[in-house]
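If you're wondering where the values come from, they're calculated on a predicted model, not measured in any experiment. Lettering follows sequence order; numbering is per chain, from 1.
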2 protein chains.
Amino acid sequence: MPMDERKHRVLQAIIQDYITTAEPVGSRSIARKYDLGVSPATIRNEMADLEEMGYLEQPYTSAGRVPSDKGYRFYVDCIMEKDQLSEAEENFIKMQFAKKMEEIEEVIKKTSDLLSQLTQYTALVLGPNLSSSIFRYVQMSLIETGKALLVIVTQTGSVKHKIMDVPANFSQKDLNKVSMVLNSKLKGIAFEKVKKSVLDEIYNELIKEKILLETVLEILNNTLNNSNTENIFLGGTLNILNQPEFRDVEKIKSILGILEEKDILRKLMQYNDKMDGITVKIGEENPFEEVRNCSLITATYHMNGEVVGSIGILGPTRMKYSKTIALVEYITQVLSNTLSNGK
Amino acid sequence: MPMDERKHRVLQAIIQDYITTAEPVGSRSIARKYDLGVSPATIRNEMADLEEMGYLEQPYTSAGRVPSDKGYRFYVDCIMEKDQLSEAEENFIKMQFAKKMEEIEEVIKKTSDLLSQLTQYTALVLGPNLSSSIFRYVQMSLIETGKALLVIVTQTGSVKHKIMDVPANFSQKDLNKVSMVLNSKLKGIAFEKVKKSVLDEIYNELIKEKILLETVLEILNNTLNNSNTENIFLGGTLNILNQPEFRDVEKIKSILGILEEKDILRKLMQYNDKMDGITVKIGEENPFEEVRNCSLITATYHMNGEVVGSIGILGPTRMKYSKTIALVEYITQVLSNTLSNGK
DNA sequence: CTTAGCACTCAACAGTCCTGAGTGCTAACA
DNA sequence: TGTTAGCACTCAGGACTGTTGAGTGCTAAG
């Protein structure tokens with residue numbers, strides 16, 4: 001069955017209505033509210049067609065229709081008109097990023113708070129993967145005999161630190177030497193791209209500090225892996241409780257539970273370098289059971305032309321797609337600018 | 001009306017029953033389950049007395065009785081027998097703290113996770129107040145021209161860092177000088193006890209670095225205030241959703257909402273140096289509306305003899321007091337030991 | 001192809017009844 | 001005087017019923 005102009009309009013009306021009311025919509029109310037120029041009976045016929053085609057579902061006989069995931073998908077791809085943020089909104093967003101922020105964590109936290117506040121859904125922001133981050137500065141400081149502080153600063157302005165044991169006979173001078181060598185060899189290189197040749201060089205220069213060096217390298221490795229678990233930020237977690245689809249405690253447990261699983265969230269927010277622009281995952285398209293009645297809108301952001309992370313919004317499938325997409329798009333852009341200029 | 005032996009036993013039976021079933025308890029079931037040697041009718045009379053005395057409440061006429069806050073209070077103070085952890089439990093807890101942890105945040109996080117896991121309620125841990133923490137090490141490092149990294153390490157093993165702007169003509173040597181002076185003057189002093197005289201000394205020695213110094217001091221100040229907001233840790237936030245008293249979405253919103261308000265949590269967990277041992281706040285005894293149907297069990301922990309923070313468990317007033325108190329007590333002790341030995 | 005009309009469906013709501021757990025009171029009993 | 005059996009009473013909650021209203025599908029006429 002072909003999808004003609006009128007079916008478009010009916011589907012659009014149904015989805016828009018359902019997005020705002022969260023109630024199954026019937027032919028009469030469509031005919032009343034939206035000026036389609038046909039009677040409810042005609043709309044009914046169209047609705048029956050749309051249901052047969054898989055765009056609509058009926059919760060039970062003689063209830064109104066509800067859009068299916070396929071329906072939302074068609075809506076997002078073919079029907080929806082892109083929303084344009086008002087100037088006031090754009091200014092508000094820009095203002096939020098105006099404050100100077102040296103560390104990327106601050107920026108990311110800001111972003112997730114802002115996103116959730118503006119959309120009233122739950123925001124997710126995936127920060128730069130530490131292992132793809134670039135060394136900017138490494139430093140070891142002797143805190144007291146036998147204890148040193150290792151600090152690593154990345155190009156993105158992430159600071160990681162770790163207190164470690166060092167042999168008791170090590171002085172700050174020794175540590176300075178190690179720091180200097182590490183700095184000169186590692187600076188500008190991505191963590192994951194530190195090659196064996198570089199490590200060999202370091203080893204050669206620091207043959208005397210072998211034990212120490214091994215500890216440091218181990219810590220570097222651990223830091224890479226552990227900190228992966230810390231690069232996801234949430235905003236407005238509880239917003240989801242305001243949605244009528246989460247009125248029931250079991251659903252709340254399930255969704256809030258998954259929001260505590262950083263690993264899963266990281267998988268949800270995964271991106272690849274080829275991705276650009278907005279991605280929308282609707283209901284069943286999502287890889288995890290617990291978010292099958294949710295939609296996820298994500299976008300990647302950049303730093304100096306490189307994709308370094310992604311931001312996203314998680315809401316019910318009955319989501320204000322056009323508005324949300326516009327917001328995500330704009331904030332991505334501002335975020336990318338902020339990250340690229342400041343540093 | 002006097003509180004005689006039998007009333008004790010009846011009250012005890014009612015509270016124990018209610019704690020496990022979460023259902024109003026009636027005279028018949030008490031007579032059946034607990035061997036009090038009297039008929040339901042007698043128990044009814046006692047219950048009526050206990051209600052008049054304020055230890056019990058009736059949700060509605062002809063329902064069973066439910067303990068009032070006053071009832072729980074009496075139970076905790078006078079009736080309850082202290083629980084003793086099994087050896088297996090004690091060993092399990094000790095094991096969790098066996099791993100060497102240099103930074104206090106790790107230890108605290110561990111503690112809150114462990115507490116919530118063992119109690120199945122929500123755990124709160126308030127870390128050492130940064131402003132009462134003692135300087136251990138301060139260091140400024142030049143990351144690149146015009147940008148420096150300020151790192152502060154406290155006696156408790158807390159590391160704070162901040163990237164800051166410095167005048168472009170500053171070299172690492174200049175920063176070293178500043179670091180050295182700061183270190184020698186501040187080491188061993190609590191943040192809040194840095195006196196004007198000390199600051200004057202620093203000023204005198206670093207008169208040339210005046211601008212820089214002012215920035216650093218400002219950052220120190222900000223760090224103190226901001227980091228206060230980061231010294232509270234939660235574990236098992238969602239455990240509370242398993243309690244039947246939180247079956248309704250509004251209540252869930254309210255309690256989860258308050259658990260996001262770190263300021264309020266900090267107030268809840270406030271302690272003073274005189275406090276030692278366990279504190280139990282039941283229902284209405286709590287200062288905040290949102291936790292009036294909760295009980296909070298807190299205890300302070302020590303580091304080298306000084307009270308440095310508190311740990312707590314938040315659960316429904318219908319809480320397993322004896323078990324929970326025993327757990328909080330033991331974990332406090334292990335935590336204090338861990339913190340005091342390691343460093 | 002569109003639409004009016006009509007019979008049909010079903011969730012949601014309100015009302016009714018019943019049951020069972022529980023109470024308070026009273027009078028008899030030890 | 002304290003304890004207990006008996007009894008009338010209360011009330012939440014579950015089962016059932018009827019009603020309402022929004023909605024559908026089908027058919028026949030326009």
Polar side chain donor-acceptor pair, [X] to [Y], under 3.5 angstrom:
X	Y	answer
A:Glu89	A:Ser86	yes
B:Tyr271	B:Thr279	no
B:Asn293	B:Lys251	no

Taking only side-chain nitrogens and oxygens of [X], does any of them come within less than 4.0 Å of OP1 or OP2 of [N]?
X	N	value
A:Ser39	C:dT2	no
A:Arg6	C:dC1	no
A:Thr42	C:dT2	no
A:Ser27	D:dT24	yes

Roughly how many Å is it from [atom1] in [X] to [atom2] in [N], rounded to a whole number?
X	N	atom1	atom2	value
A:Asp49	C:dT2	CG	P	11 Å
A:Glu57	D:dT24	CD	P	15 Å
B:Leu36	D:dT3	CG	P	12 Å
A:Ile14	D:dT24	CD1	P	9 Å
B:Ile30	C:dG22	CD1	C1'	13 Å
B:Glu51	C:dT23	CD	P	10 Å
B:Asn45	C:dA27	CG	C1'	13 Å
B:Glu23	C:dG20	CD	P	17 Å

For the side chain of [X], starting at C-beta, report the closest nucleotide among [options].
X	options	answer
A:Arg44	C:dT23, D:dA22, C:dC6	C:dC6
A:Ser62	C:dT9, C:dG24, D:dT10	C:dT9
A:Ala41	D:dG25, C:dC10, C:dT3	C:dT3
A:Tyr60	C:dT3, C:dA11, D:dT24	C:dA11

If we only count heavy atoms from C-beta on, is the B:Asp49 to B:Val10 side-chain gap below 4.5 Å?
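With C-beta onward as the side chain, the pair stays apart.
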When the nearest nucleotide of DNA chain D is assigned to A:Arg32 and to B:Thr61 on a heavy-atom basis, which residue is associated with the more 5' position?
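Nearest-nucleotide comparison on DNA chain D picks B:Thr61.
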Does NZ or CZ of A:Lys70 lie under 6.0 Å from the centre of the six-membered ring of A:Tyr55, at an angle within 45° of the ring axis?
yes
When we call it a touch if two heavy atoms are under 4.0 Å apart, what does B:Ala63 touch: a base, just sugar-phosphate, or nothing?
sugar-phosphate
Is there a donor N/O on one and an acceptor N/O on the other, under 3.5 Å, for the side chain of A:Arg28 and the base of D:dG23?
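Result: no qualifying N/O pair found.
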